[in-house]
Each structure stands twice: as C-alpha cells, then as structure tokens.
Amino acid sequence: MDMTESARPDGPQIRPPKKTTVGLPGIAHSVRYALEEMGPRRSLQTLLTMNHVKGFDCPSCAWPDPDPEHRRAAEFCENGAKAVAWEATRKRVDAAFFAVHSVAELRAQEDHWLEHHGRLTEPMHLAPGATHYKPISWDDAIALVADRLRGLDDPNRAVFYTSGRASNEAAFVYQLLARRLGTNNLPDCSNMCHESSGAALTETIGIGKGVVTLADIEDHAELIVIVGQNPGTNHPRMLTALEKAKRRGARVVAVNPLPEAAFGRFRNPQTPRGLLGPGTVLADSYLPVRVNGDLAFFAGVNKALLAREDAAPGTVLDRDFIEKYCDGFDAAADAWRVLEWPAIETMSGLSRTQIEDFAAHVVAAGSVIVCWAMGLTQHRNAVATIREIVNFLLLRGNVGRPGAGPSPIRGHSNVQGDRTMGIWEKMPDTFLDALREEFGFDPPREHGGDTVEAIRAMRKGKVDVFFALGGNFVAATPDTEATEAAMAHCALTVHVATKLNRSHLCHGAEALLLPCLGRTERDVQGGREQFVTVEDSMSMVHASRGTLLPGSDKLRSEIAIVTGLGHALFGDDVGWREMGSDYRVIRKHIEHVVPGFHAFEQRVSQPGGFMLPRGPHDSRTFKTATGKARFTVNPPSAVEVPPGHLLLQTVRSHDQFNTTVYGLDDRYRGIKGGRRVVFVNPDDLRERGLGDGDIVDVVGIAPDGERRAKAFRAVEYPTPRGCAAAYFPEANVLVPLDSVAEISNTPTSKSIVIRLERAG
Ligand SMILES: Nc1nc2c(c(=O)[nH]1)N[C@H]1C(S)=C(S)[C@@H](COP(=O)(O)OP(=O)(O)OC[C@H]3O[C@@H](n4cnc5c(=O)[nH]c(N)nc54)[C@H](O)[C@@H]3O)O[C@H]1N2
Ligand SMILES: Nc1nc2c(c(=O)[nH]1)N[C@H]1C(S)=C(S)[C@@H](COP(=O)(O)OP(=O)(O)OC[C@H]3O[C@@H](n4cnc5c(=O)[nH]c(N)nc54)[C@H](O)[C@@H]3O)O[C@H]1N2
Ligand code: SF4
Ligand SMILES: [Mo]
C-alpha cells in the first residue's frame, strides 16, 4: 500500500467537519462521478432503474427500499450512485493491460489505482513462477480448478470465501458446491462484520438478524437509538427514514465517539424543502461514548431503569412481557444492582447524569428501536455488548411490537441473504438435513473455518485451494502483512471478480482471475433473460435485474461459473447444468431447503417482493435454548489502554466502499485529498508534544509484538480523550490476527491499542 501519500506536499487538506449532510453538494458529487465513469447515456440508463421494481438492486449497502408505491424516480443516494458508476464504468482491464504490467509492478500500486483501471474482461491465469497474468479460455480455467479440487487429499484443504454482494441464487449454488465437495469451509465477510450481532441475537432471541421493518422506523418508533453507526456515509437513505420519523415527533439519539455529520442537519435531496430549506436536525442528542464503552453504557442504562422501577414499582418495566416471554431476569437484575457508577462512568466515558437522562427518555418513549453497525461488532466484548442491548429492549417489552426491536444495520447489499442461503461455516443440522433430502448426498457435519481460522490454516500450509466469490480478502482481513504471506502458501488461488484488487496480486503458487457480470448487467442464460434475488437488512426478499449490456462478451455470471465448476467436478449429479441455465430451478431448490421461501418464484415476482418470517417480530416466538427471550448477565468491561496509549478504531471514509476506494476525500469529516490520517483529541496530541498536521507513525501494540503504519497526518478531532480513528484498510496492518471478539471470532478492528510516534 502507498506509504508516502502524507509525505507529499499535496497530502490531505483538512477543514472543519461538516454539520449538514447531502443537499446540493451530495447531488453534485454523485452526478460528477457517474458522468466521469459512465458518460451521460449509461448514467441515465443505470441510475433511473436502480432500486426500481423492474431494475436492479443497488450493489452498495443493505438498506431497504420503500414500498413500490412510495418510490421516487431517483431512488438512490450519492454512495449508491458511486457504486453503480464504479461497476458500470467504461474503462477496461484487458489482456493487453496484463501483458504490460507484471504482477510485481501491480502489487506496488495503491488499491485506488488498481480498481480505477476498470472492469476485468476475460479469464486470466498466472502460471507457477510466471511474472504476468495471461489469458486462458473458460473451459481450461474451469478444468484447472476442477482438477486441483479433485486432487485434494482432504476437501477441508479447500476454502470457499464469499463477499456479501453475491445474489441468493449464486450463494445457494456456491454453498452447495462446497458441501458437495465435502467441506463447510465457507468463511465470509460477515465473519468480520455482523457475526457478533448474529451470535448475540441467536442466543437471546433465537434469530440471527434484526427484527424490525422500515415502517417500524419511519412510522412507529418513538425513540431511535443509533449506536456505532455512521448512516450519512454507509446507509445514506437511512437519513430519509430518520427524517420521516423526526417529522412525526420521534426522538433520535446517537451514541458514537465521533460526532458524525449525519447527526446534524439533513437536507433531503429528494424534496425542494430539503434542498432549499435549512434541513432537519436528525439527532436530538449525541452521547460521545468512549471507544468500546458501550457495554458499560447500556449496563448503566439498565441499572438506571431498574432503579426507577424500584422507586416506583410497576411503572417502568414491562412485567407482563418479562414474565410471559423471558427468562433470566432475576440474575441480570441482581448484577445491575451491584454495579458501581464510577466504574460505569470511567469505562463508558459518559457521566451518570448523561446516562440517567437517557434512561428518562427511554421511559418516556412508548417504543424503542436500537440500530447499530460496526461500532459495536468489532470489539473483544462485542457479543456481550449486543446481548446487553437485548436486555435493554426486553426490560420494557421493546421486541415484537410496532416501532420496537433490535436492528443491526447490515453492510453489503446481500450479506444477510447469503447467510440465509447457507453461506456459513456452522450451518445447523436442520439446514444440512434439508440439503440431503433435496439433493441426495450427505453434507459434511464438521464445522468449517471462519475468516480468521482460514488465515491461520493458510499460514500453517493447510490450505491448497483458496476460492473467493467476490471480495478483497487480503485487504479486508486483519494483519495485512501476515495475511498476504499466508496466501502465498496456497497452491491455487481463484478469484471471481469484477475488478482488479490486491487479493489478485497476493496469490498462491498458481492463480486464476474469473471475471463475472455485475448487478447492473443483463444476464441471459439458456436463451432467456434471468433475474436474481436479494434480501435486505429488514428481511425483504426481492428481485434484481440488470439493464446494461455486459462489459465484455467473455464475462460469465457468478451462477454460471459455479454451476460450470460443479458440472466439471460431479457431472450432472444434482442438475448443475439446469440450474445454470435457468435460475428458476435454483429458486425451486431454495424453496425446498430454506424455511420461509414457499411459493418463492411467485412471491418474488410481486412488486417489492416479500418479507421473510421472523418469529420475534411476527409473534413474539423465540427459538432459543429455552424457548424464551433470554436476559443475560454481561459484566461491563472495556479494553485497558496503558498510559501514553490510545484506543484506535478504524472507519470508512465517505469515498469508499470497504476496500474499494472511489476517491481520496471524506467530505463530511473535512478531509480532502488523502487517507493516511489519524483523528485524535487535541488534548491528547498536545500531551504528546504533537500538533495538528504533524506526521506520525501509528504503532500498534499486542502481546505478539508491535505493528507499524507509517507516515499518517495527525488531525485534531472532537473525539473523547484516549480515543483515535483512522481509515480501513490502511490501518489493517495494525490489527493482530489473534485479536478477536469473544464467541464471534470477529477481528477487533475497532479497538486497537496504539501509540503515536513522530515520524522519523
Ligand atoms: N458508502 C459506503 N457504504 C457502506 C460501506 C462502505 O464502505 N461505504 N460498507 C458497508 C459495510 S460492509 C458495512 S458493515 C457497513 C458499515 O457501516 P458503519 O458501521 O457505519 O461503518 P464504519 O465506518 O465502520 O463506522 C463505524 C461507526 O461506529 C463508530 N464507532 C467506532 N467505535 C465505536 C464504539 O466503540 N462505540 C460506538 N458507539 N461507536 C463506535 C465510528 O465512529 C463510526 O461512526 O456499511 C456498509 N455501507
Ligand atoms: N480494519 C477494518 N477492517 C475491516 C472492517 C473495518 O471496519 N475495519 N470492516 C469489515 C467488514 S464490515 C467487511 S463486510 C469486510 C469486507 O470484505 P470484502 O467483502 O472481502 O471486501 P470488499 O471491499 O467489499 O470487496 C471488494 C471487491 O469485490 C469485488 N466485487 C465487487 N462487486 C462484485 C460482484 O458483483 N461480484 C464479484 N464476484 N465480485 C465483486 C471487486 O473485485 C472488489 O474489488 O471488511 C472487513 N474489514
Ligand atoms: S442507501 Fe445503500 S442501498 Fe440505498 S441507494 Fe444508498 S448505498 Fe444503495
Ligand atoms: Mo460489512
């Protein structure tokens, strides 16, 4: 990665953070970027069909679409437009490009540079010992992968990674392929993302996903708490939903170490009022929690609620709900009673008064939703934190009624759907039994490895074939240097991808690049135009149809690639050919295997699609170990930071989608022209004899030694004392592979102990 950017005279320029989101600047940015990449015709052809009933689903985040009747002509946001322009660009990375640039040369380039050269156009092969990728035919490429997979001593020496952009149909055939081969090694980006949410929610309410709807947020909730999430950048159309909630009188509270622009004024680009007027202030209050202070915060809130109930019994808690639907309340209550306020204040960074005031608003609200994202999931105690949020909601019966419930806001556009389809290294036996019934083979039962375990296995030389359906494994995962080295231990690395990225250059002994269709492109198989389906953050399943001609006539759909490989490996044992040429056949299998998909074809053909059943939401049914919603005891904890050190969290800028860097600005945080910046409280800088604009090395400390990210520009920023922030993936070199969340095994990308050293 580029180590020199901050040292350049034209390094980042810093301005004060913004207090307003979107408005005219937001529109101007999306239009400019779209025109640059796609030109006027493609821009209109894509942007006006995106998120529409007969169009394609936005490939960016998993925020839901409004009802078909309420959709507008331009049903997308600035970042959705960027994602589409990025995919539908007219630029191409073809065989001539690879003939000119060696792999070593490409590896020395920045991530931004790599992806900006455009779409991959044909299959490419890197022979053992070769310096350049060379074209290979599809038949030879598929035969090569089949040959290597067939030659494995043990199917568990193969790893099948998935990034959350794959459609339901692609995900389903992909997990089928891995299990038919005999392995559950199906790590995915979710392992680094909402795994902690899934683990906490499954244990406590019996389902691994959120249980609210868009209408709950827009029309019903009286209090919406946004914790560890930056919706202005990462789920921009959530701002429209929050605006709607605000206009009918809901209260919004943000809990975050950074005062993100989304919590200020929102100028809705879809309404004249929003564009020309002063906009709507979205957050009524903002609680600047310390990084990793949320478990202590919610424990404090629960303690305060209990104290109010003790003072006026029967007025605060929903006793009927607790009695009828929950267990574990007494043990949790005993634990809250003995908590000490000073410890809660130190760990959370918030005062008792702030916490008690928040509790007062909770009691005043008939219904409460808590939304969260990566600010909660990527810490050692992430699962405990989310369980404590469930406790908080259960106390007042805020689950399974309008305007209430837990709402993890998902990242990739179909990451939730991929899990529903079986992309998980630990799918339950019920799913595996259903697969056996449907396809007549016995899927392996032994759990597979997750993302971190896959890297560990590679390091030990236990992985021969690494296959990735999308994503950018080496850039997204922690401990960049160790991970890049681990990949080199594989005999074959295969990437199904739309654009060139770092993972294609940190290869095994031999490598393949298999270029695929993107969401925006028409997919014709068996002489018929096909569509795929996706599931959003609120469990709505709907269709997605590309509208553009494919970027090259040699692209194949992900489904065609996977089913083609299935056929090469196993002949037509489970009907690979048929599935590849008619996606309705895959949907029929999904209907038989995955609960909630009855009459799939018919229901997904309805405008807007259908909602999957969710017991806690639909009927207060909790499929937990005891059949009840479970209170849990979660002793507050926070990462201990030695004197002189800071706790670093890694965030996304406004100009990126995960490892895809669209540009070098972060408009809302006032950063222009650079990404190697570290945001620090001004007093913390002063205490170290540093000032705004100084160039520093960020040094991560861990039991297994130090890691260094060189030459970052220090930026004074309003974050609590002791906290810092930098961008992912540049800061991933600092995250130790073995630093993971308890239970979910998610890398702790939001709590890295660091110190700053003036760059030498
Ligand atoms: N444009 C765009 N959209 C995206 C993505 C993208 O990269 N770009 N990525 C997609 C993906 S895969 C995901 S998972 C989501 C991610 O969506 P977010 O979770 O919003 O993404 P992050 O940038 O990681 O932001 C984390 C937020 O949590 C806060 N935070 C950090 N540590 C703590 C903490 O300890 N406590 C609290 N309370 N807050 C904390 C940070 O200040 C920041 O506001 O977005 C999705 N959407
Ligand atoms: N430090 C730190 N690390 C993190 C995080 C963090 O907050 N901090 N966040 C984590 C999170 S939440 C996530 S989800 C992961 C993301 O991890 P990944 O999902 O692995 O990474 P992405 O950057 O989303 O993947 C981008 C690549 O996907 C490919 N691609 C795009 N569209 C398609 C498509 O339609 N089909 C195919 N086959 N390929 C496509 C392109 O080649 C592109 O280069 O990163 C994690 N890593
Ligand atoms: S909110 Fe997310 S899904 Fe919706 S248009 Fe924006 S990026 Fe796309
Ligand atoms: Mo994510």
Side-chain angles (χ1 to χ4, degrees), residues 17 19 223-230 251-260 263-264 281-312 316 332-333 335-365 368 370-372 375-376 379 381 384-386 388-389 391-393 395-396 634-641 643 645-647 649 679-687 716-725 750-751:
K19 297 198 169 96
L223 172 64
I224 301 165
V225 192
I226 305 170
V227 199
Q229 192 207 344
N230 179 22
R251 196 177 169 81
V252 175
V253 178
V255 185
N256 199 306
L258 300 178
E260 308 284 24
F263 313 146
V281 174
L282 291 186
D284 298 273
S285 59
Y286 161 65
L287 294 171
V289 70
R290 280 199 54 208
V291 170
N292 194 224
D294 305 271
L295 174 52
F297 167 66
F298 278 100
V301 173
N302 292 341
K303 180 181 175 69
L305 290 174
L306 195 63
R308 290 176 81 104
E309 170 78 6
D310 288 346
V316 175
W336 292 320
R337 284 204 176 85
V338 299
L339 290 181
E340 307 272 359
W341 278 109
I344 292 173
E345 289 182 311
T346 310
M347 285 190 253
S348 66
L350 299 170
S351 68
R352 177 173 175 175
T353 315
Q354 281 172 307
I355 296 172
E356 287 179 338
D357 281 355
F358 175 80
H361 286 297
V362 172
V363 173
V368 181
V370 182
C371 300
W372 72 88
L376 293 192
H379 297 284
N381 57 6
T385 303
I386 297 160
E388 194 64 16
I389 289 178
N391 283 343
F392 162 72
L393 291 166
L395 280 175
R396 289 180 45 79
N634 307 295
S637 62
V639 174
E640 280 190 23
V641 182
H645 290 71
L646 301 168
L647 198 55
Q649 54 138 329
F679 300 94
V680 188
N681 180 292
D683 292 333
D684 281 323
L685 278 183
R686 252 189 304 279
E687 195 178 275
E716 278 189 356
Y717 210 80
T719 189
R721 287 296 302 268
C723 303
K750 298 272 194 284
S751 36

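Positions are given from 1 along the sequence.
Closest of all the heavy-atom pairs between Val368 and Leu393 is O-CD2, 3.7 Å. Contact record, His379 with Ser751: ND1-OG, 3.0 Å, taken as the closest heavy-atom pair. When all heavy atoms of Leu646 and Cys723 are compared, the closest pair comes out as CD2-N, 4.4 Å. Between Thr719 and Pro257, the shortest heavy-atom contact is OG1-O, 3.0 Å. Pairing each heavy atom of Gly300 with each of Ile344, the nearest pair is CA-CD1, 3.8 Å. When every heavy atom of Met347 is checked against every heavy atom of Ala296, the shortest pair comes out as CB-CB, 3.6 Å.
Side-chain atoms of Lys303 come within 3.5 Å of backbone atoms of Arg337 as a donor-acceptor pair (strictly under, hydrogens ignored). Side-chain atoms of Glu345 come within 3.5 Å of backbone atoms of Arg352 as a donor-acceptor pair (strictly under, hydrogens ignored). Distance alone, capped at 3.5 Å, is enough to place a donor-acceptor pair between the Glu309 side chain and the Val316 backbone. Under a 3.5 Å cut-off, the side chain of Tyr286 and the backbone N or O of Asn256 do form a donor-acceptor pair. In this structure, the side chain of Gln229 does not engage the main chain of Ile226 through any donor-acceptor pair within 3.5 Å. Within the 3.5 Å criterion, the main-chain N or O of Arg251 finds no donor-acceptor partner in the side chain of Asp284. Judged by distance alone, the side chain of His645 and the main-chain N or O of Pro643 form a donor-acceptor pair under 3.5 Å. Looking at Asp684, its side chain never comes within 3.5 Å of a backbone N or O of Arg721 through a donor-acceptor pair.
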For Leu376 and Ile389, run side chain to side chain contact (heavy atoms under 4.5 Å, CB included): C-alpha distance rounded to whole Å, both residues' side-chain angles, the deciding distance at 0.1 Å, then the answer.
CA-CA 10 Å; Leu376 293 192; Ile389 289 178; 3.3 Å; yes
Could you walk me through whether Ile386 and Trp372 pass side chain to side chain contact (heavy atoms under 4.5 Å, CB included), step by step?
CA-CA 9 Å; Ile386 297 160; Trp372 72 88; 3.4 Å; yes
Just do the side chain to side chain contact (heavy atoms under 4.5 Å, CB included) check on Leu350 and Phe358 with the steps written out, would you?
CA-CA 11 Å; Leu350 299 170; Phe358 175 80; over 6 Å; no
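Contact annotation: the side chain of Val641 approaches that of Arg290 to within less than 4.5 Å [non-hydrogen atoms, C-beta and beyond]. Contact of the Val363 side chain with the Arg308 side chain is registered, since non-hydrogen atoms from C-beta on lie closer than 4.5 Å. Residues Ser348 and Ile355 have side chains in contact (heavy-atom distance under 4.5 Å, counting atoms from C-beta outward). Two residues are said to be in side-chain contact when any heavy atoms from C-beta on lie closer than 4.5 Å; Asn681 and Pro718 fail this criterion. Here the side chains of Val370 and Phe392 are in contact, with some heavy-atom distance below 4.5 Å. Between Leu282 and Phe263 the shortest side-chain heavy-atom distance does not fall below 4.5 Å. By the 4.5 Å heavy-atom criterion applied to side chains, Pro288 and Leu258 are not counted as neighbours. Here the side chains of Pro259 and Tyr717 are in contact, with some heavy-atom distance below 4.5 Å.
Atom OG in Ser285 sits 6.0 Å away from atom NE2 in His361 (nearest 0.5 Å). For the atom pair CZ of Phe679 and CD of Glu716, the computed distance is 12.5 Å after rounding to the nearest 0.5 Å. Remark: Leu306 CG to Asp310 CG distance equals 4.5 Å, nearest 0.5 Å. How far CG of Asn634 is from CG of Asn302: 9.5 Å, rounded to the nearest 0.5 Å.
A donor-acceptor contact under 3.5 angstrom links the side chains of Ser637 and Asn381, judged on distance only. For the 3.5 Å distance criterion, the side chains of Glu388 and Trp336 qualify, holding a donor opposite an acceptor.
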